[in-house]
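Please read these numbers as outputs of a predicted model, since none were measured by experiment.
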Amino acid sequence: MRLAGKRVIVTGGSTGIGAAIARRFLAEGAKVVVWCMNPSNGKAIGQELPALSGVELVDVSDAAAVDVAFARSVTALGGLDTLICNAGISIRRKFIDIDRAEFDRIMRVNVHGVFYPSQLAARHMLKEERGGAILVTASTSGVVAYRHYADYNASKGAVLSLVRSMALELAPKIRVNAVNPGYTLTPMQEAEYSPEMLTAVNGIIPMARHARPEDIAALYVYLASDEAAYASGAVFTVDGAESIASGAATL
């Protein structure tokens with residue numbers, strides 16, 4: 001129960017890493033509101049986790065929608081201690097084949113979708129005596145180049161820069177950190193990679209497997225807890241040593 005009393009918003013919280021965070025945070029005593037865009041996924045996570053304080057259907061790239069969802073979430077939670085910006089999308093495509101509309105969409109979801117709720121959260125937390133924490137799911141893609149993901153790589157690089165800037169400006173009251181997952185077995189990953197590709201990836205990861213969403217959620221528990229009171233402006237990589245292995249990012 002390390003998060004007892006913590007009030008938390010998780011964007012992109014209905015599947016994959018976000019859903020694992022929501023489950024673990026509830027188990028650790030937190031109050032959680034999940035944001036997602038897909039109504040079916042929202043209904044499913046609400047049924048699976050009836051202890052949630054709410055499920056908001058919101059496109060994080062839409063500033064007006066984020067404003068509404070944020071206000072509703074803070075009311076449902078009775079305040080806010082931790083914002084987790086986890087929503088993100090990717091499309092596997094060669095650089096020369098990336099559609100301009102796809103590029104714009106990925107940048108808006110992955111970058112604007114961090115900026116909009118983070119700014120609202122910061123304004124709220126700065127008024128509160130105990131401050132808070134803003135945590136962002138970035139990616140090893142923001143550090144290491146992966147083929148066929150130029151737009152996604154660019155968006156995650158921008159997110160890491162944004163996290164560092166927020167950490168500087170919002171200290172000492174608000175802690176801001178990023179988590180860089182490597183290959184993680186999520187619905188998004190399984191939709192883009194064939195079983196043969198997933199097996200090939202496991203062969204280049206020193207830990208010999210994809211991360212489980214629960215592996216990533218465990219780190220978020222620490223970063224949201226009071227145990228991480230001095231952790232800010234950091235990027236925590238969880239990738240089974242993949243990004244430091246020679247030739248690992250060649251697929």
Side-chain angles (χ1 to χ4, degrees), residues 6 8-13 17-18 21 25 35 60-61 63 66 70 80-90 103-128 130-146 149-184 211 215-244 248-249:
K6 298 287 187 183
V8 183
I9 293 172
V10 183
T11 77
I17 293 172
I21 292 171
F25 273 47
W35 291 12
V60 294
S61 72
V66 168
F70 185 83
L80 182 66
D81 300 294
T82 304
L83 168 69
I84 299 177
C85 293
N86 175 73
I89 60 172
S90 69
F103 184 90
D104 290 345
R105 177 63 180 163
I106 284 173
M107 295 301 287
R108 290 199 63 83
V109 172
N110 294 358
V111 183
H112 291 67
V114 171
F115 170 72
Y116 293 147
S118 292
Q119 188 179 62
L120 293 173
R123 290 170 176 169
H124 175 86
M125 292 172 182
L126 287 172
K127 296 177 183 177
E128 299 295 311
R130 59 182 180 179
I134 297 174
L135 309 175
V136 178
T137 302
S139 172
T140 52
S141 294
V143 180
V144 179
Y146 290 81
Y149 286 101
D151 43 8
Y152 184 77
N153 297 343
S155 72
K156 293 303 184 177
V159 163
L160 290 174
S161 183
L162 181 59
V163 163
R164 294 184 180 105
S165 298
M166 288 193 294
L168 285 178
E169 292 195 34
L170 301 177
K173 204 161 190 180
I174 301 173
R175 298 183 298 104
V176 186
N177 291 291
V179 173
N180 273 3
Y183 285 106
T184 306
D215 295 327
I216 313 302
L219 176 57
Y220 274 105
V221 172
Y222 163 71
L223 292 175
S225 75
D226 294 337
E227 296 172 10
Y230 201 59
S232 192
V235 179
F236 295 82
T237 298
V238 187
D239 69 349
E242 176 254 325
S243 61
I244 63 168

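Between Phe70 and Pro117, the shortest heavy-atom contact is CE1-O, 4.4 Å. Closest of all the heavy-atom pairs between Asn177 and Ala234 is OD1-N, 3.1 Å. For the pair His124 and Leu80, the tightest heavy-atom approach, listed with the atom from each and the gap, is NE2-N, 3.5 Å. The two residues Pro181 and Ala138 come nearest to each other via the heavy atoms CD-O, 3.6 Å.
Scored by the salt bridge (Lys or Arg N to Asp or Glu O under 4.0 Å) test, Arg123 finds no partners at all (sequence neighbours excluded). Residues forming a side-chain hydrogen bond (donor to acceptor under 3.5 Å, both in side chains) with Asn110 (at least two apart in sequence, or on another chain): Ser155. Under the side-chain hydrogen bond (donor to acceptor under 3.5 Å, both in side chains) criterion, Lys156 pairs with no residue, sequence neighbours left out. Applying the side chain to side chain contact (heavy atoms under 4.5 Å, CB included) rule to Ala217 yields the partners Ala20, Ile21, Arg24; only residues at least two apart in sequence or on another chain are considered. Partners of Asp151 according to the side chain to side chain contact (heavy atoms under 4.5 Å, CB included) rule, which considers only residues two or more places apart in sequence or in another chain, are Ile98, Phe103, Ile106. Looking at residues two or more places apart in sequence or on another chain, you find no side-chain hydrogen bond (donor to acceptor under 3.5 Å, both in side chains) involving Ser118. Residues passing the side chain to side chain contact (heavy atoms under 4.5 Å, CB included) test with Ala87 are Thr11, Val60, sequence neighbours excluded. Applying the ring-ring contact (aromatic ring centres under 6.0 Å, His included) test to Tyr116 and every residue at least two apart in sequence or in another chain returns His112.
Of the residues listed (Ile134, Val136, Val109), the one engaging Val114 in a side chain to side chain contact (heavy atoms under 4.5 Å, CB included) is Val136, and it is the only one.
For residues 220-243, the set of pairs meeting the ring-ring contact (aromatic ring centres under 6.0 Å, His included) definition, not counting sequence neighbours, is empty. Identified under the salt bridge (charged side-chain N to carboxylate O under 4.0 Å, His left out) test for residues 221-238, with sequence neighbours left out: Arg2-Glu227, Lys6-Asp226. Note on residues 103-113: pairs passing salt bridge (charged side-chain N to carboxylate O under 4.0 Å, His left out), not counting sequence neighbours, are Asp59-Arg105.
Without hydrogens or angle criteria, Asn86 side chain to Thr137 main chain gives no donor-acceptor distance under 3.5 Å. With hydrogens and angles ignored, the 3.5 Å screen pairs no side-chain donor or acceptor of Ser139 with any backbone N or O of Asn180.
The line from CD1 of Ile89 to OG of Ser61 is 8.0 Å long, rounded to the nearest 0.5 Å. Taken from OG1 in Thr140 to CG in Leu160, the straight-line distance is 10.0 Å, to the nearest 0.5 Å.
Contact annotation: the side chain of Ser243 approaches that of Thr237 to within less than 4.5 Å [non-hydrogen atoms, C-beta and beyond]. For the pair Thr82/Leu135, a side-chain contact is recorded, criterion being any heavy-atom separation below 4.5 Å from C-beta on. Tyr149 has its side chain out of reach of Ser141: every pair of non-hydrogen atoms, C-beta onward, lies at least 4.5 Å apart.
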Name every donor-acceptor pair, under 3.5 Å, that has one atom in a side chain of residues 163-175 and the other anywhere in the protein, sequence neighbours excluded.
unit_1 : atom_1 : unit_2 : atom_2 : d
Ser165 : OG     : Ser161 : O      : 3.1
Lys173 : NZ     : Leu126 : O      : 3.0
Lys173 : NZ     : Glu128 : O      : 2.8
Arg175 : NE     : Ala228 : O      : 3.3
Arg175 : NH1    : Leu223 : O      : 3.1
Arg175 : NH1    : Ala228 : O      : 3.0
Arg175 : NH1    : Ala231 : O      : 3.2
Arg175 : NH2    : Leu223 : O      : 2.7

